[in-house]
Protein chains: 2
Amino acid sequence: MNIGQAAEASGVSAKMIRYYEQIGLIRPSARSDNNYRVYGEDEVHVLRFIKRARSLGFSLEETERLLALWQDRSRESASVKAVAVQHIADLKRRIAEMEGMVKTLSHLAHCCGGDGRPDCPILEDLAGHAPPPTPAAPRPRRRAQ
Amino acid sequence: MNIGQAAEASGVSAKMIRYYEQIGLIRPSARSDNNYRVYGEDEVHVLRFIKRARSLGFSLEETERLLALWQDRSRESASVKAVAVQHIADLKRRIAEMEGMVKTLSHLAHCCGGDGRPDCPILEDLAGHAPPPTPAAPRPRRRAQ
DNA sequence: GTAGGGCTTCCCATCATGGGAAGGTCAAGG
DNA sequence: CCTTGACCTTCCCATGATGGGAAGCCCTAC
């Protein structure tokens, strides 16, 4: 199986497969005579594992730990659970943070007329009730080059 | 006021102030004889505006739009509200995504013994019930150089 | 005069992913 | 036999927002 087929079969892009190999998340695959990467079922399972872990929000570093635990038959499930529990806490923290933003913004948006007049509580909040500086907004917007 | 004082007064790091200037989010400050950046109250207000917008999760691009609206006295509050409403929707989408992760993970973690035995529903889920490939986990972990 | 702290620019790293160029390889079809 | 197109290879660059740090200039206090 070439990298394209492994990508198809696992849902991980070829680009990412090469990257995972480069950073040592997966081991270098075998190569065929023409120097193409060659994959088997085992490798596809590993890629699917990574894909699933990523879709649950685990970082590549956490994914690496989980992968190692998966392949360690003498693991203790407590080790796995610890990684998961930590990640859940992290997700909850980020969710709470965003919910705070939503709460504040919803309130402000609710108080904003959203009409043709310039008065806007959203801007007032952002400005901390300071008057806008007279100079116009910057236009060029050339990002770092 | 030098950049360090402006950073102190606004809560935006000196590093970031320079960056914002570089990408055109704020206009280049005046310079003193010794080529130091010089800031006044107006600039600090702008920086605080940016800081507040960032703390509400707005991207720098959205922040730029809000900044322009703030400085446009003939703005329509509808324009501001549109930016906010879009951002709220975005936040809600991301929250929902993460809540899905939390839900799945909480269930799996709850079902996991978290003891000294190797059996682990978390790994089973990640693996899609495939057996772990025999090769040990990769160790080197040398990131892209 | 020198020590320290602040400022300047410039480069690099993060995290995970994608885009794209330049070139090798292979199969099908004219 | 040659071309075309679809693969594959490596290499470099970009994203978004931020921080770290080096090398060198400026100013003030001792």
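A, B, ... follow the sequence lines: proteins, then strands. Residue 1 opens every chain. Given the structure is predicted, the values throughout are model-derived calculations rather than measurements.
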Atom pair distance, as rounded to whole Å: [atom1] in [X] and [atom2] in [N]:
{"X": "Ile3(B)", "N": "dG5(C)", "atom1": "CD1", "atom2": "C1'", "result": "15 Å"}
{"X": "Ile17(A)", "N": "dC8(D)", "atom1": "CD1", "atom2": "C1'", "result": "13 Å"}
{"X": "Leu60(B)", "N": "dG16(D)", "atom1": "CG", "atom2": "P", "result": "9 Å"}
{"X": "Ile23(A)", "N": "dT14(C)", "atom1": "CD1", "atom2": "P", "result": "11 Å"}
{"X": "Leu25(A)", "N": "dC15(C)", "atom1": "CG", "atom2": "P", "result": "13 Å"}
{"X": "Tyr19(B)", "N": "dG16(D)", "atom1": "OH", "atom2": "C1'", "result": "6 Å"}
{"X": "Glu61(A)", "N": "dA16(C)", "atom1": "CD", "atom2": "C1'", "result": "13 Å"}
{"X": "Gln22(A)", "N": "dC13(D)", "atom1": "CD", "atom2": "P", "result": "14 Å"}

Side chain of Arg54(A) (C-beta onward), nearest among dT8(C), dT17(C), dT18(D): dT17(C)

Side-chain atoms of Arg31(A) come closest, of dT17(C), dT10(D), dT8(C), to dT10(D)

Any sub-3.5 Å donor-acceptor pair from [X]'s side-chain atoms to [Y]'s backbone N or O?
{"X": "Gln86(B)", "Y": "Val83(B)", "result": "no"}
{"X": "His87(B)", "Y": "Leu56(B)", "result": "yes"}
{"X": "Arg75(B)", "Y": "Leu69(B)", "result": "yes"}

N/O donor to acceptor pairs below 3.5 angstrom from side-chain atoms of residues 105-120 of chain B, sequence neighbours left out:
{"from": "Ser106(B)", "atom 1": "OG", "to": "Val102(B)", "atom 2": "O", "distance (Å)": "2.7"}
{"from": "Asp115(B)", "atom 1": "OD1", "to": "Ser77(A)", "atom 2": "OG", "distance (Å)": "3.2"}
{"from": "Asp115(B)", "atom 1": "OD1", "to": "Arg117(B)", "atom 2": "N", "distance (Å)": "2.9"}
{"from": "Asp115(B)", "atom 1": "OD2", "to": "Arg117(B)", "atom 2": "NE", "distance (Å)": "3.2"}
{"from": "Asp115(B)", "atom 1": "OD2", "to": "Arg117(B)", "atom 2": "NH2", "distance (Å)": "2.6"}

Pairwise side-chain contact, Arg37(B) with Arg18(B), heavy-atom cut-off 4.5 Å (strictly under): yes

So does Glu97(A) pair up with Arg93(A), basic N to acidic O under 4.0 Å? yes

Inter-end axis angle, the helix from dG1(C)-dC30(D) to dG30(C)-dC1(D), with every axis fitted to five base pairs (rounded, 10 degrees): 40°

How about Gln5(B): does its CD atom have over 12 heavy atoms from other parts shown lying under 6.0 Å from it? yes

Base, sugar-phosphate or nothing for Arg37(B)? Non-hydrogen atoms, less than 4.0 Å. sugar-phosphate

In terms of hydrophobic clustering (I, L, V, M, F, W, Y; side-chain heavy atoms under 4.5 Å; direct or indirect links), are Val38(B) and Met1(B) co-clustered? no

State yes or no: do Ile95(A) and Phe58(A) share one hydrophobic cluster built from I, L, V, M, F, W and Y residues joined by side-chain heavy-atom distances below 4.5 Å, directly or via other members? yes

Under 4.0 Å protein heavy-atom contacts per nucleotide of nucleotides 18-28 of chain C, with B for base, S for backbone only and - for none: SBB---BBS--

